[in-house]
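It should be emphasised that the depicted structure is a prediction, and the values quoted were computed from it without experimental measurement. The basis for the numbers below is simple: all heavy atoms, side chains too, and nothing from hydrogens, waters or symmetry mates.
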Amino acid sequence: MKHVLMAVSGPSGVGKGSIVKTIISRREDIVESVSCTTRPPREGEVNGREYFFLSHEEFQKRIEEKDFLEYDEHFGNYYGTPKSFVLETLKTKSVIMEIDVVGSLQAKEVYPDCVLVMIVPPSLEELKRRLIGRGTEDMEKIENRLARIEYELSHKDKYDYVIVNDDLETAIKEVEKIFDRE
Ligand code: ADP
Ligand code: 5GP
């Protein structure tokens with residue numbers, strides 16, 4: 001059986017985290033890649049679970065050691081996928097990565113079989129409602145994230161699959177189906 005590497009992207013607040021978390025809780029054959037970041041942990045986030053939280057110096061060192069499958073900077077912080085973890089895990093299981101557009105395209109260059117999935121909102125108004133409703137960012141950070149939406153969506157054509165997250169369960173099932181098909 002072939003194991004799938006999938007990158008899930010889409011604007012902040014669209015529901016990527018909700019989709020990925022449900023899938024990995026239901027499926028023993030799919031593992032989530034835990035990224036490294038220099039952004040500070042949000043309340044309730046645990047080092048090694050949501051992210052590996054690194055200092056800028058530690059992150060820089062790992063870039064130099066070519067330890068990332070891909071990495072990118074946004075909102076003033078670095079985010080990257082540990083290469084050794086992903087390649088090792090793919091020997092026995094499928095891997096799902098929740099990463100941004102730039103990172104996904106980089107991952108596809110390094111690993112051409114990587115399946116690119118973009119999650120889009122039913123409308124921009126609904127996206128804003130979810131981002132505000134989540135309550136993890138202040139208004140300035142929300143504006144930053146909203147400003148990036150158009151950029152993310154402009155790369156839609158480069159994706160293998162585009163899924164509208166209107167009803168969450170429907171979107172989850174669509175992503176699961178892609179794993180089974182690939
Ligand atoms: P992301 O990981 O893309 O930033 P989250 O998964 O954190 O997004 O979702 C943002 C907010 O939207 C959360 O409060 C989540 O519960 C909510 N949400 C996710 N999917 C849906 C959906 N289909 N309908 C309504 N609310 C949703
Ligand atoms: P957040 O700060 O909300 O957790 O994530 C902000 C953005 O960083 C999201 O768009 C998320 O997809 C992206 N991201 C998270 N991990 C990675 C990663 O390892 N690499 C890249 N390129 N982007 C990431």
Open item on the list: Show, in sequence, the C-alpha distance, side-chain angles and deciding distance for E32 and I96, and conclude whether the side-chain contact (heavy atoms from CB on, under 4.5 Å) test is met.
Closed with: CA-CA 5 Å; E32 186 180 10; I96 191 164; 4.1 Å; yes
- [ ] For the pair Q106 and Y111, evaluate side-chain hydrogen bond (donor to acceptor under 3.5 Å, both in side chains) and give the outcome as yes or no after the intermediate values.
- [x] CA-CA 9 Å; Q106 273 186 55; Y111 192 94; over 6 Å; no
TODO: Would you check, one step at a time, whether the test side-chain contact (heavy atoms from CB on, under 4.5 Å) holds for I24 with V31?
DONE: CA-CA 6 Å; I24 57 163; V31 173; 5.9 Å; no
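Counting heavy atoms from C-beta outward, H74 and D100 have side chains that approach closer than 4.5 Å. Put simply, the side chain of L124 reaches to within 4.5 Å of the side chain of I149, judged on heavy atoms. The side-chain heavy atoms of R26 and E176, taken from C-beta on, include a pair separated by under 4.5 Å.
K108 and D160 are joined by a salt bridge, as a carboxylate oxygen and a charged side-chain nitrogen come within less than 4.0 angstrom of each other. The pair E125-R129 does not meet the salt-bridge criterion, since no charged nitrogen lies less than 4.0 angstrom from a carboxylate oxygen. A salt bridge is absent between E57 and K61; no separation between the charged side-chain nitrogens and carboxylate oxygens falls under 4.0 Å. Residues E65 and K83 are not paired through a salt bridge, judged by the lack of any N-O separation under 4.0 Å between the basic side chain and the carboxylate. K173 and E169 are joined by a salt bridge, as a carboxylate oxygen and a charged side-chain nitrogen come within less than 4.0 angstrom of each other.
For H155 and Y151, the ring centers sit closer than 6.0 Å to each other.
Looking at every heavy atom in both residues, R145 comes nearest to R134 through NH1-NH2, 4.4 Å. Contact detail for T81 and S33: the closest heavy-atom pair is CG2-OG, 3.4 Å. Looking at every heavy atom in both residues, P121 comes nearest to V14 through N-CG2, 3.4 Å. Summarising the geometry of L90 relative to H3, their closest heavy-atom pair is O-CD2, 3.2 Å, with the distance given to 0.1 Å. Summarising the geometry of F75 relative to N144, their closest heavy-atom pair is CE2-O, 4.1 Å, with the distance given to 0.1 Å.
The closest donor-acceptor contact from the side chain of E45 to the backbone of R42 lies under 3.5 Å. Not a single donor-acceptor pair under 3.5 Å links the side chain of E58 to the backbone N or O of L54. Counting only distance, with no hydrogens or angles, the side chain of K16 and the backbone of G10 share a donor-acceptor pair below 3.5 Å.
Between the side chains of E98 and Y79, no donor-acceptor pair of N or O atoms lies under 3.5 Å. In the model, Y159 has a side-chain atom that pairs as donor or acceptor with a side-chain atom of S9 under 3.5 Å.
When each of I163, I19, V20, D167 is paired with I172, the side-chain contact (heavy atoms from CB on, under 4.5 Å) condition holds for I19 and for no other.
Between Y78 and Y71, the ring planes lie tilted relative to each other; the angle falls in the 30° to 60° range.
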